[in-house]
Amino acid sequence: MDLILWRHAEAEEWTAGCNDLERSLTARGEKQAARMANWLDRQLPEGARIVASPARRTEQTVMALGRKYKLRSEISPDGTVGQLLELVQWPNSRAPVLVVGHQPVLGQVVSRLMNLTTPDFPVKKGMVWWLRSRDRDDANQTVVIAVQSPEFL
């Protein structure tokens, strides 16, 4: 199974009293999303399933890709690693899954699947982590297929 984690691009700063789900991308964030979407569109298979958090900034990020997607509350800013992995059916899904979401949960997923010692692994805004599950020597392994940042595109 391929699991592609895409953190939303740069968004407006959170301020006291604002609705976190309503924050929009900045002009820089829109450019980041467009660059990463262009790269992803060339890499993603046609049958990939795409899910995004219902937050405005994640929906704006995934819209740059120009493919069908579903909004899922399991990957909202207060979602958990368990909710995300259950939603995508890791590691048993047959189709690749692209998740557009938030920190800290995306970094926590990378940390758990890669068996890292730090539970809160940093994933920068707009960045993609492409992970693959495979069976080797009677054990399930997670391998990194690609890590891409919009700054390098």
Original post:
Are Gln141 and Asp135 linked by a side-chain donor-acceptor pair shorter than 3.5 Å?
Top reply: no
Subject >> Shared hydrophobic cluster for Val109 and Leu87 (ILVMFWY, side-chain gaps under 4.5 Å) >> reply: yes
Original post:
Does any N or O in the side chain of Gln32 come within less than 3.5 Å of the main-chain N or O of Glu10, such that one atom is a donor and the other an acceptor?
Top reply: yes
Subject >> Glu151 bridged to Arg28 by N-O distance under 4.0 Å >> reply: yes
Original post:
Which atoms form the tightest heavy-atom contact between Val62 and Trp6, and what is the distance?
Top reply: CA-CZ3, 4.2 Å
Subject >> Shortest non-hydrogen contact from Val88 toward Arg49 >> reply: CA-NH2, 3.3 Å
Subject >> N/O donor-acceptor pair under 3.5 Å between Ser53 side chain and Thr58 backbone >> reply: no
Original post:
For Met63 and Tyr69, which heavy atoms make the closest approach, and how far apart are they?
Top reply: CG-OH, 3.4 Å
Subject >> Minimal non-hydrogen separation, Met36 against Pro150, with atom names >> reply: CE-N, 3.3 Å
Subject >> Any donor-acceptor N/O pair, Arg7 side chain to Val123 backbone, under 3.5 Å >> reply: yes
Subject >> Under 3.5 Å: donor-acceptor pair, side chain of Arg23, backbone of Ala55 >> reply: no
Original post:
Going hydrophobic residue to hydrophobic residue with side-chain gaps under 4.5 angstrom, can you get from Leu116 over to Leu3?
Top reply: yes
Subject >> Closest contact, heavy atoms only, Ala9 versus Ala33 >> reply: CB-N, 4.0 Å
**OP:** Inspect the surroundings of CE in Met1 and state if more than 12 heavy atoms from other residues, nucleotides or ligands are less than 6.0 Å away.
**Re:** yes
**OP:** State whether the side chain of Thr26 and the backbone N or O of Gly29 hold a donor-acceptor pair below 3.5 Å, judged by distance alone.
**Re:** yes
**OP:** Determine yes or no for a side-chain-to-main-chain donor-acceptor pair under 3.5 angstrom, with Ser149 supplying the side chain and Phe152 the backbone.
**Re:** no
Original post:
Taking a hydrophobic cluster as the set of Ile, Leu, Val, Met, Phe, Trp and Tyr residues connected by side-chain heavy atoms closer than 4.5 Å, whether directly or through intermediates, do Val110 and Leu98 fall within one such cluster?
Top reply: no
Original post:
Any donor-acceptor pair under 3.5 Å linking the side chain of Gln60 with the backbone of Leu25?
Top reply: yes
Original post:
Counting N and O atoms only, with roles assigned by atom type, does the side chain of Glu74 sit under 3.5 Å from a partner on the main chain of Leu85, one being a donor and the other an acceptor?
Top reply: no
**OP:** Would you confirm whether Ser111, through its side chain, and Gly107, through its main-chain N or O, come within 3.5 Å as a donor-acceptor pair?
**Re:** no
**OP:** Decide yes or no for Trp129 and Leu106: does some side-chain heavy atom of the first lie under 4.5 Å from some side-chain heavy atom of the second?
**Re:** no
**OP:** Without swapping roles, check the side chain of Arg132 against the backbone of Ile145 for a donor-acceptor pair under 3.5 Å.
**Re:** no
Subject >> Path from Val81 to Val99 over hydrophobic side-chain contacts below 4.5 Å >> reply: yes
